[in-house]
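What's counted below: heavy atoms across the whole structure, side chains too, no hydrogens, waters or symmetry copies. Keep in mind that what you see is a predicted model, and the values were worked out from it rather than measured.
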Amino acid sequence: MTAKEIIKDVCIYLGKEEILNSSFFETDGQDLTKNETKDINNILDCLNFVTEEIATEYLPILKTKELYLSDGTIPINQIDENLFEIVSVKSKLGKTLRYAITNSKLVCLASRVEVTYKVYPTLITLNGQAENFGGKLSARVLAYGVASEYCFLEMLYDDATLWENRFKNALFSLQRKKGEIKLKKRGWF
């Protein structure tokens, strides 16, 4: 899903007819007014904020990397520049290893490890792609969150609450385990 698709959904939800009727979605907005450009930039900022919120609180973006540690340490920034939390460190045989983070370095008593970690999503540009979180998240759900944040910025608190409720409900339904429900056998009294 592209940033423009999400921005279009947000404009539809919020009734931003002036942006929808402009040539922004065909061209890159050469004919936009100053206020319309400001609105689009605010929506894009809200999109980046919501994407980061989803990645850090609801649907983490996990990566795994094999690393070679010299002296049992490696600087954190060499693992990934967007890293925000290490989930696990395992040996080449799959055994979970103990580790520590000191002085912005990962310290582990092994020379070769497999690190699983969470990352922040990359910044979304106007012509860029939004993170889809492994296909779990639709443009509609992202647009709900963006609409909520945008309304909050514009001090439309009732509207912000409405869109936030839709956003949170959609996220909670994504996190629910789906599948067969099994009930224990019960006897008659």
Side-chain angles (χ1 to χ4, degrees), residues 1-14 16 19-20 22 24-30 32 36-69 73-90 99 101 103-106 108 113-154 160 163-164 166-175:
M1 66 194 127
T2 65
K4 283 189 175 183
E5 290 171 345
I6 297 165
I7 290 171
K8 188 173 189 176
D9 286 349
V10 171
C11 289
I12 291 169
Y13 295 160
L14 299 178
K16 297 266 182 206
I19 296 173
L20 290 170
S22 72
F24 168 71
F25 297 104
E26 290 79 37
T27 64
D28 280 331
Q30 287 96 7
L32 292 177
E36 292 168 346
T37 304
K38 180 181 173 242
D39 283 346
I40 289 172
N41 288 334
N42 284 343
I43 291 171
L44 186 62
D45 290 343
C46 290
L47 174 59
N48 279 305
F49 177 79
V50 168
T51 305
E52 186 173 313
E53 178 185 9
I54 293 169
T56 56
E57 296 181 28
Y58 300 100
L59 300 168
I61 302 169
L62 293 173
K63 290 188 176 183
T64 301
K65 195 179 219 181
E66 189 173 309
L67 301 169
Y68 295 94
L69 307 178
T73 66
I74 189 167
I76 293 292
N77 61 3
Q78 286 184 9
I79 298 172
D80 196 312
E81 62 185 34
N82 290 332
L83 180 136
F84 78 89
E85 182 181 343
I86 293 178
V87 176
S88 69
V89 177
K90 295 186 177 186
Y99 66 93
I101 297 175
N103 299 328
S104 299
K105 291 182 179 183
L106 172 73
C108 185
V113 296
E114 186 176 270
V115 179
T116 302
Y117 55 95
K118 298 177 184 177
V119 294
Y120 292 111
T122 56
L123 219 59
I124 304 166
T125 60
L126 200 54
N127 293 317
Q129 293 284 327
E131 180 68 46
N132 71 354
F133 298 93
K136 293 181 182 178
L137 198 65
S138 68
R140 176 185 56 84
V141 174
L142 258 175
Y144 287 165
V146 174
S148 171
E149 288 300 321
Y150 181 83
C151 289
F152 184 74
L153 282 177
E154 295 292 315
W163 290 111
E164 181 181 22
R166 289 182 181 178
F167 175 61
K168 299 286 180 173
N169 289 338
L171 282 176
F172 289 134
S173 70
L174 287 173
Q175 289 183 309

Taking C-beta and beyond as the side chain, do [X] and [Y] meet within less than 4.5 Å on heavy atoms?
{"X": "Tyr150", "Y": "Val50", "value": "no"}
{"X": "Asn77", "Y": "Ser104", "value": "no"}
{"X": "Cys11", "Y": "Ile43", "value": "yes"}
{"X": "Ile61", "Y": "Lys118", "value": "no"}
{"X": "Ile79", "Y": "Tyr117", "value": "yes"}
{"X": "Glu164", "Y": "Phe152", "value": "no"}
{"X": "Asn82", "Y": "Lys63", "value": "no"}

Flag, side chain of [X] to backbone of [Y], donor-acceptor distance under 3.5 Å:
{"X": "Asn48", "Y": "Ile124", "result": "yes"}
{"X": "Ser148", "Y": "Ala160", "result": "yes"}
{"X": "Gln78", "Y": "Pro75", "result": "no"}

Pairing of Lys168 and Glu53 as salt bridge, 4.0 angstrom limit: yes
Salt-bridge criterion met for Lys16 and Asp39 (N-O under 4.0 Å): yes
side-chain contact (heavy atoms from CB on, under 4.5 Å) evaluation trace for Glu114 with Thr64: CA-CA 7 Å; Glu114 186 176 270; Thr64 301; 3.3 Å; yes
Could you state the interatomic distance from [atom1] ([X]) to [atom2] ([Y]), rounded to the nearest 0.5 Å?
{"X": "Cys108", "Y": "Leu67", "atom1": "SG", "atom2": "CG", "result": "10.5 Å"}
{"X": "Lys4", "Y": "Thr125", "atom1": "NZ", "atom2": "OG1", "result": "10.0 Å"}
{"X": "Glu57", "Y": "Leu171", "atom1": "CD", "atom2": "CG", "result": "10.0 Å"}
{"X": "Met1", "Y": "Leu137", "atom1": "CE", "atom2": "CG", "result": "5.0 Å"}
{"X": "Phe49", "Y": "Glu149", "atom1": "CZ", "atom2": "CD", "result": "4.5 Å"}
{"X": "Ile12", "Y": "Leu20", "atom1": "CD1", "atom2": "CG", "result": "5.5 Å"}

Ring geometry between Trp163 and Tyr13 (parallel below 30°, tilted from 30 to 60°, perpendicular above 60°): parallel
Stepwise side-chain contact (heavy atoms from CB on, under 4.5 Å) check, Leu126 with Ile7: CA-CA 9 Å; Leu126 200 54; Ile7 290 171; 3.7 Å; yes
Qualifying residue for side-chain contact (heavy atoms from CB on, under 4.5 Å) with Thr51, from Thr122, Leu142, Ile6: Leu142
Within 6.0 Å of NZ in Lys65, more than 12 heavy atoms from elsewhere: yes
Crowding at CD, Glu81 (>12 non-hydrogen neighbours, <6.0 Å): no
Any residue meeting salt bridge (charged side-chain N to carboxylate O under 4.0 Å, His left out) with Asp9, in chain and number order, not counting sequence neighbours: none
Intermediate values then yes/no, side-chain contact (heavy atoms from CB on, under 4.5 Å), Leu106 and Thr73: CA-CA 5 Å; Leu106 172 73; Thr73 66; over 6 Å; no
Working for side-chain contact (heavy atoms from CB on, under 4.5 Å), residues Ser88 and Val115: CA-CA 6 Å; Ser88 69; Val115 179; over 6 Å; no
Which pair of non-hydrogen atoms, one from [X] and one from [Y], has the smallest distance, and what is that distance?
{"X": "Phe133", "Y": "Ile54", "value": "CZ-CG2, 3.6 Å"}
{"X": "Tyr99", "Y": "Ile86", "value": "OH-O, 3.4 Å"}
{"X": "Ile76", "Y": "Lys105", "value": "CG1-N, 4.0 Å"}

